[in-house]
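Here is the structure we will look at.
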Amino acid sequence: MENNRPCSHLSAIKELKLAKQPVCEECVKQGTDWVHLRTCQTCGITLCCDSSPKQHMSQHFKIKEHPVVISSEPGERWLYCYVDDQVAEY
């Protein structure tokens with residue numbers, strides 16, 4: 001049976017942390033390219049997505065265990081929980 005309610009990690013987000021700048025902070029440091037950007041809802045860092053060569057946001061989740069990110073792409077309004085593999089629009 002499928003549950004349509006967001007997981008506890010997504011439900012806990014009350015105020016969105018938005019990208020300070022439209023860049024992957026790690027790609028800038030390393031001189032690499034990114035495809036799409038995600039912003040961590042725990043610490044506010046903006047990093048690249050899994051379609052990007054370095055997949056910095058997934059690495060951030062594995063190291064820091066910060067569960068929720070938002071898309072930082074213009075016109076996209078969704079959150080993703082790594083722990084529960086859930087997406088929710090806002």
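Quick note: residue numbers are just sequence positions, from 1. On a predicted model such as this, the values are computed, not experimentally measured, just so you know.
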Can you check whether [X] reaches [Y] side chain to side chain, under 4.5 Å on heavy atoms?
X	Y	answer
Tyr90	Ile13	no
Arg38	Cys48	no
Val28	Glu26	no

Subject >> Pairs involving residues 6-24, ordered by first then second residue, that meet side chain to side chain donor-acceptor pair (under 3.5 Å) (sequence neighbours left out) >> reply: His9-Asp84
[X] versus [Y], closest heavy-atom pair with distance:
X	Y	answer
Thr42	Pro67	OG1-CD, 3.8 Å
His56	Leu47	O-CD1, 3.7 Å
His60	Cys43	NE2-SG, 3.5 Å
Ser52	Val35	OG-N, 2.7 Å
Tyr82	His66	CD1-O, 4.4 Å
Val23	Thr46	O-CG2, 3.5 Å

Membership question, hydrophobic clusters at under 4.5 Å side-chain separation (ILVMFWY): are [Y] and [X] in the same one?
X	Y	answer
Leu18	Leu79	yes
Trp78	Val68	no
Ile63	Ile45	no
Val83	Tyr80	yes
Ile70	Leu10	yes

**OP:** Supply the atom-to-atom distance Glu89 CD to Ser71 OG, rounded to the nearest 0.5 angstrom.
**Re:** 11.0 Å
Subject >> Nearest-0.5 Å distance that lies between atom CE in Met57 and atom CD in Glu25 >> reply: 8.5 Å
**OP:** Report the C-alpha separation of His36 and Glu73 in whole Å, then their side-chain angles, then the decisive distance to 0.1 Å, and conclude whether the side chain to side chain contact (heavy atoms under 4.5 Å, CB included) test is met.
**Re:** CA-CA 7 Å; His36 298 291; Glu73 292 300 306; 3.4 Å; yes
**OP:** Using atom types as modelled and distance alone, determine if a side-chain donor or acceptor of Gln86 lies under 3.5 Å from a backbone N or O of Cys7.
**Re:** yes
**OP:** Check whether any side-chain N or O of Gln59 sits under 3.5 Å from a backbone N or O of Lys54 as a donor-acceptor pair, and report yes or no.
**Re:** yes
